[in-house]
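The sequence lines fix the lettering, A, B, ..., with proteins before strands; numbering per chain opens at 1. Quick caveat, the model's predicted, so the values are computed rather than measured.
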There are 2 protein chains.
Amino acid sequence: MAVDREQFKQLLKDKGLKVTTQRLLVLEALAACPDRHLAAEEIYEMVKADYPEIGLATVYRTIQILLELHLIDRINLDDGFVRYEIGNVGMGTAKHHHHHLICMNCGKVNSFEDDLLEELEEKITRTTGFHVIDHEVKLYGYCAECGGKID
Amino acid sequence: MAVDREQFKQLLKDKGLKVTTQRLLVLEALAACPDRHLAAEEIYEMVKADYPEIGLATVYRTIQILLELHLIDRINLDDGFVRYEIGNVGMGTAKHHHHHLICMNCGKVNSFEDDLLEELEEKITRTTGFHVIDHEVKLYGYCAECGGKID
DNA sequence: ATGTCTGCAAAGTTTTTGCAGTAAT
DNA sequence: ATTACTGCAAAAACTTTGCAGACAT
């Protein structure tokens with residue numbers, strides 16, 4: 001569902017950017033883990049397995065490009081790292097975001113697909129004039145496994 | 001609506017912590033700006049106006065205490081600072097969170113009160129077993145002033 | 001009196017930047 | 001042949017920590 005290799009190459013060329021092994025590998029690392037939320041350091045470690053000479057700075061620079069191309073999303077799970085995950089649309093038309101369920105006990109992060117926020121967004125536009133483009137929702141609580149132990 | 005000075009003093013004592021001028025001033029700075037979202041450095045600057053000898057480290061340490069006492073909330077507006085705002089309940093029973101509307105043009109952050117997420121939380125509990133305790137919602141878009149210029 | 005708290009400076013983390021060499025077009 | 005890109009190391013930026021003196025109880 002995410003961008004494929006050829007689309008990415010074309011996007012780079014369209015922007016006058018060069019297609020490099022490092023850039024392909026960084027995108028691939030993110031595409032390989034659609035459900036994890038990778039920090040720059042983790043991406044770096046993953047790419048290093050295939051391409052040991054890559055530098056962490058290149059990973060950070062590539063992440064900037066991927067963000068500008070809207071191929072990945074930034075999320076902050078308040079653990080001291082900024083994290084990234086591959087977007088689930090190719091061309092940026094749809095926005096079908098998911099929410100993050102963060103377990104306050106075990107720290108595990110699950111995703112939840114939902115469109116319920118459309119209603120909220122409409123209400124906001126109606127009452128405040130603010131035009132919503134995108135959103136990020138984090139829900140803190142206890143996951144199914146941890147929930148039993150607490151309640 | 002936020003905690004008052006005496007409640008705070010009592011909370012500190014109950015925890016075996018000492019009541020100091022610095023701690024009172026940090027809380028007061030946050031209480032004085034319920035609608036801004038203060039970074040540690042900003043709190044530091046505000047307190048320094050009244051009490052120039054305070055150190056930034058003390059501000060950080062006090063923030064930790066206030067978070068543990070649930071007197072303030074942490075928010076991350078992706079601008080490189082962790083920000084804090086005073087909670088809008090005294091004793092932590094109710095949770096009446098607001099959402100943050102972040103203008104992608106001028107960067108201004110407005111708040112929006114709403115309980116629409118109760119429905120989403122219930123849906124999540126029903127379908128996933130995850131028990132939601134709290135949430136943080138960030139909505140990105142264009143504020144009323146900037147909206148006209150873009151659309 | 002005692003135990004905590006403070007300010008300062010140093011250290012720790014994550015992320016960014018400068019530069020000379022390397023690779024892509 | 002250009003022009004952009006990379007890796008390294010240094011710098012930057014935010015936050016935490018160690019310590020000796022100061023303050024609250």
Check your understanding: According to a strict under-4.0 Å criterion, is A:Y60 in side-chain N/O contact with OP1 or OP2 of C:dT16?
Key -> no
Study note, to complete from the structure: Atom CD1 of B:I63 and atom P of D:dT15 are separated, to the nearest Å, by 8 Å
Exercise for review: Calculate the interatomic distance between A:K15 atom NZ and C:dA24 atom C1'; express it in whole Å.
Suggested key: 19 Å
Exercise for review: May I have the distance from B:L25 (atom CG) to D:dA24 (atom P), rounded to whole angstrom?
Suggested key: 12 Å
Study note, to complete from the structure: Sorted by chain and number, sequence neighbours left out, side-chain hydrogen bond (donor to acceptor under 3.5 Å, both in side chains) with A:K108 holds for A:E145
Check your understanding: Using the ring of each side chain (for Trp, its six-membered ring), is B:H37 parallel, tilted or perpendicular to B:H100, with breaks at 30° and 60°?
Key -> perpendicular
Exercise for review: Please check if A:I65 and A:L27 belong to a single hydrophobic cluster, counting links between Ile, Leu, Val, Met, Phe, Trp and Tyr side chain heavy atoms closer than 4.5 Å.
Suggested key: yes
Exercise for review: Provide, to the nearest angstrom, the distance between the CZ atom belonging to B:F81 and the P atom belonging to D:dT16.
Suggested key: 14 Å
Exercise for review: Take atom CD of B:E41 and atom P of D:dT16, then tell me their distance rounded to the nearest Å.
Suggested key: 13 Å
Review point. Atom NZ of A:K13 to atom C1' of D:dC5: distance rounded to whole Å?
Key: 16 Å
Review point. Are any of the side-chain nitrogens in B:R83 or B:E42 under 4.0 Å away from the carboxylate oxygens of its partner?
Key: yes
Point to revise | Those residues that, when tested against A:K123, pass side chain to side chain contact (heavy atoms under 4.5 Å, CB included) (two or more places apart) | key: A:R126, B:F112, B:D114
Study note, to complete from the structure: Between CG of B:N76 and C1' of C:dT14 the distance, given in whole Å, is 13 Å
**Study point:** Atom pair distance, as rounded to whole Å: CG in A:D79 and P in D:dT16
**Key:** 13 Å
Revision key, fill the gap. Of all heavy-atom pairs linking B:L30 and B:Y84, the shortest is CD2-O, 3.6 Å
Exercise for review: Summarise how protein sits on nucleotides 4-9 of chain C as a single string, 5' to 3': B when a protein heavy atom is under 4.0 Å from the base, S for sugar-phosphate-only contact, - for no contact.
Suggested key: SSSBB-
